[in-house]
*Asks:* 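One structure is given below, represented as structure tokens, and several questions about it will come after.
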2 protein chains.
Amino acid sequence: MAGKTRQTCPCVSRKAGRRVVYEKQAEILKALAHPLRVAILDFLKDGEQCVCDIAKHVNSERSNVSRHLAVMVNAGVLESRKQGLNVMYELKALCILDFFSCLEKCLKVQAKDTQKLMKAL
Amino acid sequence: MAGKTRQTCPCVSRKAGRRVVYEKQAEILKALAHPLRVAILDFLKDGEQCVCDIAKHVNSERSNVSRHLAVMVNAGVLESRKQGLNVMYELKALCILDFFSCLEKCLKVQAKDTQKLMKAL
DNA sequence: TAACTATGTGATTATATACTCATATAGTAA
DNA sequence: TTACTATATGAGTATATAATCACATAGTTA
């Protein structure tokens with residue numbers, strides 16, 4: 001049992017470590033990867049909002065919105081605070097907003113590809 | 001039927017248009033939101049690779065990897081080209097790589113939060 | 001206190017996704 | 001031609017996720 005701390009090759013543990021990181025990163029991405037959640041994030045970019053107003057804005061049931069918000073809080077994307085009867089949600093990681101400019105860029109490239117295809121027909 | 005093109009209020013159509021954008025953005029995010037796919041993207045950041053080598057690198061079945069690659073190609077994240085027996089995959093939208101620096105930042109913030117909690121106990 | 005409002009959650013159902021195995025296809029090399 | 005290799009895909013199963021409804025909780029106001 002002596003020397004057990006060195007039994008795992010550094011390379012292996014680094015690889016295993018990477019996998020944990022990939023899982024965490026995927027978890028955050030998963031928390032963003034839903035049309036309603038994207039809509040919510042777009043709404044929250046201008047500041048905190050209560051569940052009530054978010055639900056109105058994205059035109060969905062409050063209970064459903066509440067669940068989606070919980071997903072994003074668990075992933076560390078949003079944070080919440082109580083204010084009287086309301087619970088206010090706001091973006092925790094502002095760099096998330098940078099994602100969306102990249103996403104729009106991707107969509108534009110896709111649109112151009114489609115245009116090229118159309119012309120070739 | 002006359003004037004049908006103006007029957008839809010610009011505001012409504014803009015809102016409907018946003019929803020389509022949110023769906024497309026969510027589709028791209030979904031294509032990234034899996035540990036194996038994150039691992040693949042991390043491997044592809046240094047250049048194109050064949051399915052065979054990707055599968056070896058991420059330690060998963062080729063058929064499985066092939067499917068994950070197809071998901072990312074469909075979302076416009078990767079592109080592929082045939083080279084003899086192999087099919088080479090590479091990143092199509094390089095800005096995707098910027099995502100990951102943000103993700104790492106998010107994880108670091110989370111880690112700090114956890115540390116704070118630990119100290120408070 | 002009682003009535004009200006905002007939010008969260010359990011249970012159910014529907015749907016989507018991931019993984020595995022077997023098999024098909026396409027290109028290579030003998 | 002046959003044998004081989006890389007890749008893709010159909011079918012089945014297991015699991016995860018989303019939406020809805022009913023209900024519980026917490027804070028507000030009268």
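Convention: sequence-line order gives letters A, B, ...; per-chain numbering from 1. Just so it is clear, the model here is predicted, and its values are computed rather than measured.
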*Asks:* Without decimals, in angstroms, what is the distance between Lys30(A) NZ and dT15(D) P?
*Replies:* 15 Å

*Asks:* Measuring from the side chain of Arg37(B) (C-beta onward, heavy atoms only), which nucleotide among dT20(D), dA6(C), dA18(C) has the closest atom?
*Replies:* dA18(C)

*Asks:* Quickly work out the Arg62(B) CZ to dT23(C) P distance and round it to whole Å.
*Replies:* 19 Å

*Asks:* Would you say Lys82(B) places a side-chain N or O within less than 4.0 Å of OP1 or OP2 belonging to dA26(C)?
*Replies:* no

*Asks:* Check the angle between the aromatic planes of His68(A) and His34(A) and answer parallel, tilted or perpendicular using the 30° and 60° thresholds.
*Replies:*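 Because their plane-to-plane angle lies in the 30° to 60° range, the rings of His68(A) and His34(A) count as tilted.
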
*Asks:* State which residue, out of Lys92(B), Lys82(B), Arg81(B), fulfils the salt bridge (charged side-chain N to carboxylate O under 4.0 Å, His left out) condition with Glu48(B).
*Replies:*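 Going through the options one by one, the only one that passes is Arg81(B).
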
*Asks:* Is the shortest side-chain N/O distance from Tyr89(A) to OP1 or OP2 of dG8(C) below 4.0 Å?
*Replies:*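 Tyr89(A) to dG8(C) OP1/OP2: side-chain N or O found under 4.0 Å.
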
*Asks:* Any side-chain N or O of His68(A) below 4.0 angstrom from OP1/OP2 of dA19(D)?
*Replies:* yes

*Asks:* OP1 or OP2 of dT7(D) sitting under 4.0 Å from any side-chain N/O of Asn86(B)?
*Replies:*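 Yes, such a contact exists.
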
*Asks:* Can you tell me if Lys105(B) has over 12 outside heavy atoms packed within less than 6.0 Å of its NZ?
*Replies:* no

*Asks:* Figure out the CG/P separation between Asn74(B) and dT9(D), and round it to whole Å.
*Replies:*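 So the two atoms are 9 Å apart, to the nearest Å.
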
*Asks:* So, under a plain 3.5 Å distance rule, would you say the side chain of Arg67(B) forms a donor-acceptor pair with the base of dT20(C)?
*Replies:*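 Yes, the side chain and the base share a sub-3.5 Å donor-acceptor pair.
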
*Asks:* Just how far, in rounded Å, is P of dA30(C) from CG of Leu85(B)?
*Replies:*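 Nearest whole value for this atom pair: 13 Å.
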
*Asks:* Could you tell me how far apart Leu69(A) (CG) and dT9(C) (P) are, to the nearest whole angstrom?
*Replies:* 12 Å

*Asks:* Please report the interatomic distance NZ(Lys45(B)) to CG(Leu97(B)), rounded to the nearest 0.5 Å.
*Replies:* 8.0 Å

*Asks:* Among dA6(D), dT7(D), dC21(D), which nucleotide sits nearest the side chain of Cys50(B)?
*Replies:*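 My answer, after comparing the listed nucleotides, is dT7(D).
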
*Asks:* Return the value, rounded to whole Å, for the distance between atom NE2 of His57(B) and atom P of dA6(D).
*Replies:*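 These atoms are roughly 18 Å apart.
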
*Asks:* Compare all side-chain heavy atoms of Tyr89(B) with those of Ile40(B) and state whether any distance is below 4.5 angstrom.
*Replies:* no

*Asks:* Map Asn64(A) and Gln83(A) onto DNA chain D by nearest heavy atom, then report which one ends up closer to the 5' terminus.
*Replies:*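 In this pair, the answer is Asn64(A).
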
*Asks:* In whole angstroms, how far is the C1' atom of dT7(C) from the NZ atom of Lys56(A)?
*Replies:* 14 Å

*Asks:* Taking only side-chain nitrogens and oxygens of His34(B), does any of them come within less than 4.0 Å of OP1 or OP2 of dC19(C)?
*Replies:* yes

*Asks:* Roughly how many Å is it from CZ in Arg81(B) to P in dT7(D), rounded to a whole number?
*Replies:* 12 Å

*Asks:* Counting the atoms with a prime plus P, OP1 and OP2 as sugar-phosphate, which does Ser63(A) contact under 4.0 Å by heavy atoms, base, sugar-phosphate, or nothing?
*Replies:*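 The answer is base, as Ser63(A) lies within the cut-off (heavy atoms under 4.0 Å) of a base atom.
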
